[in-house]
Amino acid sequence: MDEVHHWVSSNGGPDFYQTIKRNIEKTTKAGSRWVSTTNAYNPNEDSVAQIIHESEMVAQGYWLYDCLEGSIALAEIRNADAVRAALIEAYGDASWADIDGLTRTVLYDRTTPDSTYCRFFFNQIAESSDGWMSKGEWDACLDEADPIMPGDQIAVGFDGSIRGDSTGLIGVRLRDAKLFVLGVWERPENAHDDWEVDVLAVEAAVAETFRQYRVAWMYADPPYWQEAIGRWSVEHGDDTVFEFWTNKPTRMTQAVERFRTAAMVSDLRHDGDYRLTRHVLNAVTREVPQGLLIQKDSPRSKRKIDLAICAVLALEARADAIADGRLKIRRSRVVGF
């Protein structure tokens with residue numbers, strides 16, 4: 001198996017790897033063996049390279065994992081001596097490697113992100129430089145204590161599609177900015193061309209959200225769903241359900257920046273839902289005159305980010321609900337006899 005850092009869920013890599021490995025394991029007594037070669041992986045992609053590296057089989061010594069990694073910090077990547085020494089360390093006895101040429105490339109070629117040099121030249125595990133949120137940053141916001149409960153006061157973010165992208169519904173508790181998934185509808189792998197989001201299931205999830213929680217504010221991105229959002233506004237109050245057009249760059253860049261800042265200073269948290277985590281880590285940034293937006297890594301990418309958009313809208317809804325004076329803290333009453 002070669003280049004398994006490219007074997008990711010969007011191209012069926014992990015499933016293909018499992019099929020190969022499973023059949024080899026059944027025939028090891030007949031001499032079957034497997035060898036995998038790879039460049040360093042991006043830890044946000046959940047590639048086969050990462051799956052193998054993080055396996056307990058490696059930790060226990062049952063699988064041999066061998067890597068020469070250049071010892072260099074990102075801050076030293078403009079230091080010629082440090083770059084050259086790290087390249088010599090990483091390439092080992094590969095006498096054909098042009099160390100001088102590689103050194104010049106790392107020092108002066110700014111058309112390639114530094115994270116790419118770390119992965120492909122120094123064999124260091126590194127995240128994409130245009131990723132919106134790193135795994136470490138997002139994991140630092142994890143809070144598995146104090147779970148969301150029915151009756152909690154929340155704000156809601158909704159981002160809808162019909163066929164291509166996902167449709168999602170995210171809640172955030174007002175009192176502590178804890179995010180959680182209320183619903184997500186993703187196009188399955190190998191779906192028929194006429195596959196569409198189950199609109200009735202989405203409608204039911206929205207209705208259940210308002211029944212189960214005290215919804216203080218909801219922001220919903222209107223494209224494809226304007227009629228439904230209008231009905232939700234009538235049913236639940238036009239002072240509770242609002243449109244939020246994510247294609248308005250000034251407003252959206254501000255919302256994206258506020259979300260990232262909140263994550264960096266631990267002003268938001270999440271319950272660890274793997275679907276939200278996957279969408280957040282899939283998001284990459286795009287610079288526009290107004291600031292930074294988030295988007296998929298390519299227009300046709302299968303790496304969805306819709307729950308990340310929902311989370312941004314939910315946090316905005318929470319902020320506006322609190323600014324409007326809607327945060328209500330339930331206080332317990334002690335009665336003495």
Side-chain angles (χ1 to χ4, degrees), residues 1-72 86-99 102 115-128 131 134-136 138-139 142 144 166 181 184 186-193 195 271-282 297-298 300-304:
M1 297 180 288
D2 190 29
E3 303 284 358
V4 292
H5 58 287
H6 289 313
W7 294 25
V8 295
S9 58
S10 61
N11 58 32
D15 290 338
F16 185 52
Y17 158 72
Q18 289 295 339
T19 300
I20 294 173
K21 185 172 71 68
R22 187 166 57 247
N23 284 285
I24 290 173
E25 289 169 339
K26 291 177 182 178
T27 57
T28 53
K29 284 192 174 181
S32 297
R33 298 291 187 271
W34 62 269
V35 175
S36 172
T37 57
T38 184
N39 285 293
Y41 57 83
N42 179 341
N44 289 351
E45 293 181 341
D46 292 325
S47 65
V48 169
Q50 181 174 0
I51 292 169
I52 293 172
H53 182 217
E54 295 179 348
S55 170
E56 189 67 17
M57 296 292 280
V58 172
Q60 295 292 333
Y62 297 117
W63 292 349
L64 172 64
Y65 176 85
D66 187 32
C67 173
L68 285 174
E69 182 175 326
S71 302
I72 186 170
L87 288 169
I88 291 172
E89 183 179 12
Y91 279 86
D93 60 358
S95 57
W96 59 87
D98 180 6
I99 298 298
L102 293 173
S115 60
T116 299
Y117 290 137
C118 290
R119 288 179 60 197
F120 294 94
F121 285 26
F122 302 125
N123 292 334
Q124 294 180 348
I125 297 167
E127 296 166 346
S128 172
S134 74
K135 188 175 187 300
W138 185 245
D139 287 349
L142 175 64
E144 295 177 310
S166 305
V181 177
V184 59
E186 289 191 83
R187 181 185 179 90
E189 291 289 336
N190 304 316
H192 294 296
D193 292 340
W195 181 89
D271 62 1
D273 190 291
Y274 73 95
R275 297 166 297 179
L276 175 58
T277 295
R278 173 162 50 85
H279 282 219
V280 167
L281 298 184
N282 282 347
D297 51 11
S298 69
R300 298 181 64 85
S301 174
K302 296 180 181 179
R303 293 164 52 81
K304 305 303 183 185

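Quick caveat, the model's predicted, so the values are computed rather than measured.
R303 meets the side chain to side chain contact (heavy atoms under 4.5 Å, CB included) test with S10, E45, N282, D297, S301; sequence neighbours excluded. Scanning for side chain to side chain contact (heavy atoms under 4.5 Å, CB included) contacts around E89 gives S71, with sequence neighbours left out. In this structure D139 satisfies the salt bridge (charged side-chain N to carboxylate O under 4.0 Å, His left out) test together with K135, sequence neighbours excluded. The side chain to side chain contact (heavy atoms under 4.5 Å, CB included) search around S32 returns I24, T27, not counting sequence neighbours. In this structure, the ring pair (Phe, Tyr, Trp, His ring centres under 6.0 Å) partners of W63, at least two apart in sequence or on a different chain, are W34. With sequence neighbours excluded, no residue satisfies side chain to side chain donor-acceptor pair (under 3.5 Å) with S55. By the side chain to side chain donor-acceptor pair (under 3.5 Å) test, E144 pairs with no residue at all, sequence neighbours left out. In this view, H53 and Y41 satisfy the side chain to side chain donor-acceptor pair (under 3.5 Å) rule, not counting sequence neighbours. For D15, there are no side chain to side chain contact (heavy atoms under 4.5 Å, CB included) partners two or more places apart in sequence or in a different chain. Residues that satisfy the ring pair (Phe, Tyr, Trp, His ring centres under 6.0 Å) test with F122, not counting sequence neighbours, are absent from this structure. Every residue two or more places apart in sequence or in another chain was checked for a side chain to side chain donor-acceptor pair (under 3.5 Å) with D93, and none qualifies.
Side chains of F121 and L102 form a contact here, defined as non-hydrogen atoms less than 4.5 Å apart. Using a 4.5 Å heavy-atom cutoff, the side chains of R33 and T28 are in contact. Put simply, the side chain of H5 reaches to within 4.5 Å of the side chain of N39, judged on heavy atoms.
Closest non-hydrogen pair, H6 versus N11, comes out as O-ND2, 2.7 Å. Between N123 and L68, the shortest heavy-atom contact is ND2-O, 2.7 Å. In terms of heavy atoms, G70 sits closest to A90 at N-CB, 3.8 Å. T38 and V4 get closest at one heavy-atom pair: CB-CG2, 3.5 Å. The heavy-atom pair separating A40 from R119 by the smallest distance is O-NE, 2.9 Å.
Taking CD1 of I52 as the reference point, atom OG of S47 lies at 8.5 Å (rounded to 0.5 Å). Of the inter-residue distances, the one linking M57 atom CE with K21 atom NZ reads 7.5 Å to the nearest 0.5 angstrom. Here the NE2-NZ distance, from H279 to K304, works out to 8.5 Å after rounding to the nearest 0.5 Å. With rounding to the nearest 0.5 angstrom, the OH atom of Y91 is 9.5 Å from the CG atom of D98. To the nearest 0.5 Å, atom OG1 of residue T37 and atom CD of residue E3 are 6.5 Å apart.
Sorted by first and then second residue, the salt bridge (charged side-chain N to carboxylate O under 4.0 Å, His left out) pairs with a member in residues 52-66 form an empty list; sequence neighbours excluded.
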Worked verdict on Y17 versus I51 for side chain to side chain contact (heavy atoms under 4.5 Å, CB included): CA-CA 10 Å; Y17 158 72; I51 292 169; 4.3 Å; yes
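For Y65, the OH atom is densely surrounded, since the number of other residues' heavy atoms within 6.0 Å is greater than 12.
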